[in-house]
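Mind looking over this structure? Questions follow.
Note that the numbering runs from 1 along the sequence shown for the chain.
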Amino acid sequence: MSDAARFVRTVLFVPPGVDPDEVTEDMVLPGSNIVVGPYAGDSRIKEVEFVKSSGRAKDCPKDDRPEFAILGRSNVGKSSLINALVRKKEVALTSKKPGKTQLINHFLVNKSWYIVDLPGYGFAKAPDAAQMDWSSFTKGYFLNRDTLVAVLLLVDASVPPQKIDLDCANWLGRNNIPMTFAFTKCDKMKASKGKRPDENIRDFQQLIRQNYREHPPWIMTSSVTGLGRDELLLHMSQLRNYWDQ
């Protein structure tokens, strides 16, 4: 295998319908390792409707529409990213106090697919029992949700790699749950408190690569500047359209 082919197969995310040997640089989305393929389609969000909050995985909406679960540490900027994706400030609950989302929240997009807002993990001020409940019912959702296309695992790029994020990623990987790393807060390019976001992302990827033969898709985002918004939606469209066949 040539060096170029090895790079494509181990570093880039090549979606269904794309021959790895035919990948060119202009097929890769900016600020990501994601190749755009023939399943990428209309990614515009025209309407968003809150459907329900569920305390248990078995209470989630029962239909065949595909869904993307958004998961991350409690202060990673999860609600802000959801709001940036749908361009509505009131869709997800944002708060300066982490841990506000304690249920599985389904939002129906364009009447055809779901964004699922999951409880944040690692919120130290929550009672231990509550932390355990969130963890167990979230895992139950992942293991029993047939309509789940992928998990968007949010990772704060403004801080060094966190063990809790790596543990979560490795758990998803062990259970064969597809995921995309969405690195948040990539607008915070100041290195006064340590490394820049791109350096933290590189460190995180090196740690992840130890457990994955092929690197999962990843993308840089910022809910402040809109970085990565359109690219992430395009990536989601190609995953969704392939799943929907």
Side-chain angles (χ1 to χ4, degrees), residues 13 15-16 29 32-34 39 43 51 53-54 56-58 60-61 65-82 84-86 92 101-109 113-123 134-157 161-184 201 204-205 207-209 211-212 214-221 223 228-229 231-244:
F13 170 73
L29 291 173
S32 82
N33 72 333
I34 298 166
Y39 288 100
S43 58
V51 176
S53 296
S54 307
R56 298 174 298 179
K58 65 181 182 179
C60 290
R65 286 180 278 213
E67 59 193 43
F68 292 86
I70 300 189
L71 180 68
R73 283 190 297 121
S74 294
N75 59 348
V76 75
K78 189 160 52 72
S79 297
S80 297
L81 181 68
I82 294 174
L85 287 176
V86 303
T101 306
Q102 298 182 24
L103 297 167
I104 303 172
N105 297 304
H106 274 74
F107 298 93
L108 183 60
V109 181
W113 58 279
Y114 288 107
I115 287 176
V116 185
D117 185 13
L118 294 173
Y121 53 79
F123 179 42
W134 296 351
S135 176
S136 61
F137 85 68
T138 300
K139 287 179 178 178
Y141 164 84
F142 289 134
L143 297 173
N144 299 296
R145 196 68 178 163
D146 294 336
T147 50
L148 180 63
V149 176
V151 176
L152 302 185
L153 181 56
L154 275 52
V155 178
D156 185 345
Q162 304 291 301
K163 182 178 183 298
I164 193 168
D165 294 328
L166 294 163
D167 288 346
C168 181
N170 289 332
W171 184 89
L172 292 168
R174 284 196 303 274
N175 287 279
N176 298 312
I177 296 166
M179 76 179 120
T180 293
F181 293 112
F183 291 100
T184 63
I201 290 171
F204 187 91
Q205 289 168 352
L207 293 168
I208 284 293
R209 202 168 288 133
N211 296 314
Y212 289 85
E214 297 179 357
H215 202 299
W218 62 267
I219 188 166
M220 299 172 71
T221 72
S223 58
R229 176 194 182 269
E231 290 80 5
L232 179 54
L233 287 172
L234 189 62
H235 169 59
M236 292 164 72
S237 83
Q238 67 180 359
L239 296 181
R240 190 171 67 247
N241 290 336
Y242 180 73
W243 182 92
D244 228 358

Check: Is there a side-chain contact between L239 and F68 (heavy atoms, below 4.5 Å)?
Finding: yes

Next item on the list: Under the side-chain contact (heavy atoms from CB on, under 4.5 Å) rule, what do R65 and L108 come out as? Steps first, then yes or no, please.
Entry: CA-CA 9 Å; R65 286 180 278 213; L108 183 60; 3.8 Å; yes

Note to self: Applying side-chain hydrogen bond (donor to acceptor under 3.5 Å, both in side chains) as the test, list every pair that has at least one member in residues 161-184; sequence neighbours left out.
What the structure shows: R73-D165, Y121-D165, K163-D167, N170-N211, T180-H235

Next item on the list: Show your working on side-chain contact (heavy atoms from CB on, under 4.5 Å) between F181 and I201 and close with a plain yes or no.
Entry: CA-CA 10 Å; F181 293 112; I201 290 171; over 6 Å; no

Note to self: Looking at N144, is its backbone amide N or carbonyl O close enough to the side chain of K58 to form a donor-acceptor pair, meaning the two atoms are under 3.5 Å apart?
What the structure shows: no

Notebook entry, point to check: Would you call V86 and F107 a side-chain contact if the rule is heavy atoms closer than 4.5 Å?
Noted result: no

Check: If you measure from CD1 on I82 to CD1 on I70, what distance do you get to the nearest 0.5 Å?
Finding: 4.0 Å

Next item on the list: Could I get the full list of side-chain hydrogen bond (donor to acceptor under 3.5 Å, both in side chains) partners for D156, not counting sequence neighbours?
Entry: S158, K185

Check: Hey, what do you get for CG (L232) to CG (L29), rounding to the nearest 0.5 Å?
Finding: 9.5 Å

Check: Once you round to the nearest 0.5 Å, how far does CG of L152 lie from CG of D117?
Finding: 11.0 Å

Notebook entry, point to check: Do I208 and H215 have side-chain heavy atoms sitting under 4.5 Å apart?
Noted result: yes

Next item on the list: Using the test salt bridge (charged side-chain N to carboxylate O under 4.0 Å, His left out), find all partners of E231 that sit at least two apart in sequence or belong to another chain.
Entry: none

Margin query: Using only atom types and a distance under 3.5 Å, with no angle test, would you say the side chain of N105 pairs donor to acceptor with the backbone of I115?
Written below: no

Margin query: Quick one, F142 and M179 - any side-chain contact, counting heavy atoms below 4.5 Å?
Written below: no

Checklist line | Under the salt bridge (charged side-chain N to carboxylate O under 4.0 Å, His left out) test, residues paired with R56 that sit two or more places apart | finding: D59

Next item on the list: Please confirm whether the backbone N or O of I104 pairs with a side-chain atom of S53, one donor and one acceptor, at under 3.5 Å?
Entry: no

Check: Any side-chain heavy-atom pair from F204 and W218 closer than 4.5 angstrom?
Finding: no

Note to self: Checking R229 against L85 for the side-chain contact (heavy atoms from CB on, under 4.5 Å) test, could you report, in this order, the C-alpha distance in whole Å, the side-chain angles of both residues, the deciding distance, and whether it holds?
What the structure shows: CA-CA 6 Å; R229 176 194 182 269; L85 287 176; 4.2 Å; yes

Next item on the list: Check whether any side-chain heavy atom of N33 sits under 4.5 Å from a side-chain heavy atom of P217, and report yes or no.
Entry: yes

Check: In chain order, what residues pass the side-chain hydrogen bond (donor to acceptor under 3.5 Å, both in side chains) check against Y242, with sequence neighbours excluded?
Finding: none

Notebook entry, point to check: Got a sec, which residues hit ring-ring contact (aromatic ring centres under 6.0 Å, His included) with W243, two or more places apart in sequence or on another chain?
Noted result: none

Next item on the list: First locate atom CG of L153, then atom NZ of K78, and finally report the distance between them rounded to the nearest 0.5 Å.
Entry: 11.5 Å

Item checked: Check: R145 and V116 side chains under 4.5 Å, non-hydrogen atoms -> no

